Amino acid sequence: MGTKGLSLVKMNVDELIKLLNKALADEWLAYYQYWVGAKVVQGTMKNSAVEELNEHAADELRHADMLVERITQLGGTPILDPKDWYDLTNCTYEAPTDPAVLKVLEQNVRGEQCAIEVYSKLAEMTKDKDEITHQIVLEILKDEVEHEDDLQALVEDIQAM
Ligand code: FE
Ligand code: FE
Ligand code: MG
């Protein structure tokens with residue numbers, strides 16, 4: 001990043017890059033969990049679930065893109081090897097080994113709840129310290145809150161049938 005732009009960052013840049021890379025690992029694992037979940041999910045209201053899972057997968061990939069753009073602006077290197085995803089992730093990965101729709105949705109709800117925690121911590125940490133990263137983090141946080149809400153609404157609809 002330009003030197004003037006970088007001078008706006010009032011926190012440890014290396015530490016910030018490390019945290020953004022950890023979030024990047026979460027996004028890729030979340031992307032895959034949604035993407036592969038949409039392929040295998042079975043049961044009541046399967047089509048609604050597939051649609052929601054695919055939408056969220058696309059959002060997670062977009063989040064990965066936003067994080068990488070900021071990481072490189074800050075002079076960092078994004079995770080280059082997928083092997084590092086498991087070491088760096090905050091939220092881990094839950095393989096959808098049981099394809100029952102409620103099981104898959106509940107795994108993803110847990111993922112979103114973890115993501116909400118991660119991004120609210122990042123938002124707190126960057127507030128008044130790095131306004132650009134702060135805005136990016138808030139934008140992602142807003143999506144994760146919506147994701148959790150959508151999934152829980154779908155779970156309730158299915159349970160009510
Ligand atoms: Fe995300
Ligand atoms: Fe999400
Ligand atoms: Mg949605």
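Counting convention: from 1, in listed order, for ligands and their atoms alike. Values in this document were obtained by computation on a predicted structure and should not be read as measured data.
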Run the side chain to side chain contact (heavy atoms under 4.5 Å, CB included) test on Leu29 and Tyr86 for me, step by step, so that the C-alpha distance in whole Å, both residues' side-chain angles and the decisive distance to 0.1 Å come before the verdict.
CA-CA 8 Å; Leu29 291 171; Tyr86 263 87; 4.3 Å; yes
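Contact annotation: His56 places no N, O or S atom under 2.8 Å from the Fe ion (ligand 2). The Fe ion (ligand 1) has no N, O or S atom of Asp59 under 2.8 Å away, backbone or side chain. Residue Glu52 counts as close to the Mg ion (ligand 3), with an N, O or S atom under 2.8 Å. Taking 2.8 Å as the threshold, Asp59 does not count as a candidate ligand of the Mg ion (ligand 3), since none of its N, O or S atoms lies below it. Asp143 lies apart from the Fe ion (ligand 2) in this respect, since none of its N, O or S atoms is found at a distance under 2.8 Å. The Fe ion (ligand 2) has Glu60 among its coordinating residues (N/O/S atom, backbone or side chain, under 2.8 Å).
Salt-bridge check for Asp65 with Arg62: failed, with every basic side-chain N at 4.0 Å or more from each acidic carboxylate O.
Relative ring orientation between His56 and Tyr34 is described as perpendicular, the plane-to-plane angle rising above 60° on a 0-90° scale split at 30° and 60°. Ring pair Tyr32/Tyr93 is tilted by interplanar angle, where 30° to 60° counts as tilted.
Closest heavy-atom contact between Val41 and Val50: CG1-CG2, 3.6 Å.
More than 12 heavy atoms of other residues, nucleotides or ligands shown are found within 6.0 angstrom of CD on Glu131.
Looking only at its N/O/S atoms, His63 has ND1 as the one nearest to the Fe ion (ligand 1). Counting just the N/O/S atoms of His147, the one with the shortest distance to the Fe ion (ligand 2) is named ND1. When distances from the Fe ion (ligand 1) to the N, O or S atoms of Glu144 are compared, OE2 comes out shortest.
Rounding to 10°, one obtains 110° for the angle at the Mg ion (ligand 3) between NE2 (His56) and OD2 (Asp150).
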